[in-house]
**Q** 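Please find one structure pasted underneath; my questions will follow.
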Amino acid sequence: MDKLLIQGGHRLSGDIVISGAKNAALPILCAGLLTAGTLELSNVPNLHDVTTMLKLLGQTGLEVTQDDHRVTLTGGAIDKLEAPYDLVKTMRASILVLGPLLARFGEAKVSLPGGCAIGSRPVDQHIKGLQALGAEITIEGGYIYAKCKKLKGTRIVTDMITVTGTENLLMAATLAEGETILENAAREPEVTDLAHLLVAMGAKIEGIGTDRLVIQGVAELHGAKHAVISDRIEAATFLCAVAAAGGDITIRNTRTDILDAALDKLREVGLQMEIGPDWIHAKMDRRPTPVTFRTTEYPGFPTDMQAQFMAVNTVADGASRVTETIFENRFMHVQEMNRLGAHIETDGNTAFIQGVEQLVGAPVMATDLRASASLVIAALAARGETVIDRIYHLDRGYDQMEVKLSAVGAKIERVKSSK
Ligand code: EPZ
């Protein structure tokens with residue numbers, strides 16, 4: 001397994017270009033199943049999860065071509081309506097093929113995604129919603145078997161706000177008969193980006209960006225061209241890096257209108273920022289101020305930024321408290337950060353951090369995607385060498401992070417594993 005070798009203590013300086021959003025690209029790729037036409041996608045990030053999704057979609061018969069950040073999908077020859085366990089077990093977002101396959105072909109066999117490091121992550125709301133739309137669903141041998149003659153629109157209220165649950169049901173509703181109302185819908189910008197693509201494909205959706213989506217089903221959808229939105233989590237991750245390590249960077253090709261909660265906290269941390277339409281110039285010349293926050297659904301503080309801000313808090317000049325309300329086990333990075341000399345204690349879904357003057361490099365292990373990013377941030381701020389193992393977690397969601405950081409002065413290199 002590849003490792004990252006980081007010599008901490010170097011300030012960052014220069015420009016970083018942000019890639020397309022992983023959590024928009026994954027549902028958008030699945031939308032290719034909804035039409036016999038062609039989707040021409042740009043700004044698709046070069047990530048392991050995207051590679052896995054393209055492999056999964058290719059196995060259904062969807063024609064896939066990828067050229068750097070451009071992907072085309074043509075759905076005229078789909079003949080295998082399933083997502084097998086060997087791929088689903090490596091990427092939970094595979095569940096997003098269920099709604100489109102069911103809506104267009106009336107049938108789907110999708111492996112139940114297992115849990116993952118950050119929580120059990122059930123898909124009961126996806127299933128409940130599809131059943132409400134008329135699907136007959138049974139679960140046997142670790143697989144979801146779904147069938148229907150034709151989905152019929154209805155009003156669905158999910159028990160909690162679920163991002164991929166909203167996306168699955170939204171895609172299914174576009175080809176259902178009649179009107180579907182999704183109450184309690186997720187409002188994440190990635191859901192909005194998917195909705196914009198679906199409208200470009202001929203779907204009829206109202207309430208985009210709100211927690212109430214109203215969809216009039218249509219007989220079929222056609223191809224479209226779409227640029228995936230910029231990754232707000234990648235952007236905020238690099239801003240946390242400069243907040244912890246110090247320096248002067250400009251992040252480019254970013255959206256600045258979907259980052260409010262993170263930018264508010266970064267100002268509180270003491271990051272000086274000048275914000276343009278698609279760039280942010282950020283400077284940090286002092287020790288961070290600690291920030292207390294609790295994660296919640298968009299537009300609140302994103303759970304996908306919790307670990308990265310905790311890394312900043314570990315070197316802040318005071319105490320802070322972090323409460324994780326979305327996932328039940330998203331503190332896997334805490335023990336690893338304490339190996340670097342951080343002072344963090346957890347009690348249930350709350351972590352108490354006492355900032356220290358200086359972290360000290362040590363060997364640590366990545367456990368999940370955002371935890372990996374937080375360890376990179378802590379290592380950049382630490383004195384001495386840190387080795388981060390199992391960085392395949394990082395590669396799932398960050399497009400060449402070490403290349404982008406090296407280009408702004410970080411002493412970071414990838415050590416390829418022999419096996
Ligand atoms: C999406 O996961 C993102 N992944 C996650 O990003 C993100 O952390 C999460 O939304 C929350 O914003 C993608 O978009 C591919 P949820 P998702 O359904 O959709 C519970 C990253 O780091 N729930 O919104 O799986 C669930 O257990 C990843 O990029 C049910 O109980 O999250 C959780 O507690 C990590 N039953 C809460 O709802 C369901 O049927 C929110 O989960 C569905 C969800």
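Indexing begins at 1, ligand by ligand and atom by atom, following the structure's order. Remember, it's a predicted structure, so these values are computed and weren't measured experimentally.
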**Q** Can you pull out the closest protein heavy atom to atom 2 (O) of ligand 1? Residue, atom name and distance to 0.1 Å, please.
**A**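 Checking every protein heavy atom, the shortest distance to atom 2 (O) of ligand 1 gives Arg121 NH2, 3.3 Å.
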**Q** Between Lys109 and Tyr145, is NZ or CZ placed under 6.0 angstrom from the six-membered ring centre and within 45° of the ring axis?
**A**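 Output no; distance or angle outside limits.
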**Q** Evaluate the criterion salt bridge (Lys or Arg N to Asp or Glu O under 4.0 Å) for residue pair Arg330 and Asp304; output intermediate values, then yes/no.
**A** CA-CA 10 Å; Arg330 204 169 196 177; Asp304 291 347; 2.8 Å; yes
**Q** Using a 4.0 Å cut-off to any heavy atom of Phe327, which atoms of ligand 1 qualify?
**A**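 Heavy-atom distances to Phe327 below 4.0 Å select 8 (O), 9 (C), 32 (O), 33 (C).
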**Q** Atoms of ligand 1 less than 4.0 Å from Arg370 heavy atoms?
**A** 21 (C), 22 (O), 29 (O)
**Q** Starting from atom 38 (O) of ligand 1, find the nearest protein heavy-atom neighbour and note its residue, name and distance.
**A**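 Closest protein heavy atom to atom 38 (O) of ligand 1: Met160 CG, 3.5 Å.
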**Q** Just going by heavy-atom distances, which of Ile127, Thr325, Val163 is nearest to atom 16 (P) of ligand 1?
**A** Val163
**Q** So for Pro122, does at least one of its heavy atoms come nearer than 4.0 angstrom to any atom of ligand 1?
**A**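 Yes, that is the case, since the closest heavy atom of the residue is under 4.0 Å from the ligand.
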**Q** Closer than 4.0 angstrom, basic N to acidic O: yes or no for Glu234 and Lys404?
**A**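 Yes, charged N to carboxylate O under 4.0 Å.
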**Q** Test your reading of the structure: does Thr162 have an N or O sitting under 3.5 Å from an N or O of ligand 1?
**A**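 Yes, at least one N or O pair falls under 3.5 Å.
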**Q** With heavy atoms of His126 as the reference, note each atom of ligand 1 found under 4.0 Å away.
**A** 40 (O)
**Q** Is Asp304 in polar range of ligand 1, meaning some N or O pair under 3.5 Å apart?
**A** yes
**Q** Scan side-chain atoms only and decide if Asn43 and His69 contain a donor-acceptor pair under the 3.5 Å cut-off.
**A**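 Side-chain D/A pair, Asn43 to His69: absent.
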**Q** Give the atoms of ligand 1, by number and element, whose distance to some non-hydrogen atom of Val123 is under 4.0 Å.
**A** 39 (C), 40 (O)
**Q** Is Leu26 in polar range of ligand 1, meaning some N or O pair under 3.5 Å apart?
**A** no
**Q** Taking Arg414 first and then Glu402, would you say they form a salt bridge - that is, a charged N and a carboxylate O separated by under 4.0 Å?
**A**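 Yes, charged N to carboxylate O under 4.0 Å.
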**Q** Of the choices Thr166, Thr164, Ile95, Asp124, which has the non-hydrogen atom that lies closest to atom 17 (P) of ligand 1?
**A** Thr164
**Q** So if I count the atoms of ligand 1 from 1 in the order they appear, which ones are less than 4.0 Å from some heavy atom of Thr303?
**A** 8 (O), 11 (C), 12 (O)
**Q** Phe301 and Phe309: aromatic ring centres closer than 6.0 Å?
**A** yes
**Q** Please indicate whether Glu345 has more than 12 foreign heavy atoms, meaning atoms of other residues, nucleotides or ligands, lying under 6.0 Å from its CD.
**A**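 Counting neighbours around CD of Glu345, 12 or fewer heavy atoms of other residues, nucleotides or ligands fall under 6.0 Å, so no.
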**Q** Please evaluate residues Thr38 and Thr74 with respect to the criterion side-chain hydrogen bond (donor to acceptor under 3.5 Å, both in side chains), reporting the C-alpha separation (whole Å), side-chain torsions for both, the decisive distance (0.1 Å), and the verdict.
**A** CA-CA 4 Å; Thr38 296; Thr74 304; 2.8 Å; yes
**Q** Taking 4.0 angstrom as the limit and counting only heavy atoms of Gln125, give me the atoms of ligand 1 inside it, by number and element.
**A** 36 (N), 39 (C), 40 (O)
**Q** Consider every N or O of Ile326 and every N or O of ligand 1, then say whether any pair is closer than 3.5 Å.
**A**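 Indeed, backbone or side chain, Ile326 has an N or O that close.
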**Q** Heavy-atom contact under 4.0 Å between Arg330 and ligand 1?
**A**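 True for this residue.
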**Q** Salt-bridged, Asp211 to Arg187, with N to O below 4.0 Å?
**A** no
**Q** Taking side-chain contact (heavy atoms from CB on, under 4.5 Å) as the criterion, tell me which of Thr192, Leu194, Leu198 meets it with His196.
**A** Thr192
**Q** Is Lys22 in polar range of ligand 1, meaning some N or O pair under 3.5 Å apart?
**A** yes
**Q** In terms of side-chain heavy atoms, does Asp193 have a donor or acceptor partner in His226 at a distance below 3.5 Å?
**A**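 Yes, because at least one side-chain N or O of Asp193 sits under 3.5 Å from a partner of the opposite role on His226.
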**Q** What is the nearest protein non-hydrogen atom to atom 3 (C) of ligand 1, stated with its residue, atom name and distance?
**A** Asn23 ND2, 3.6 Å
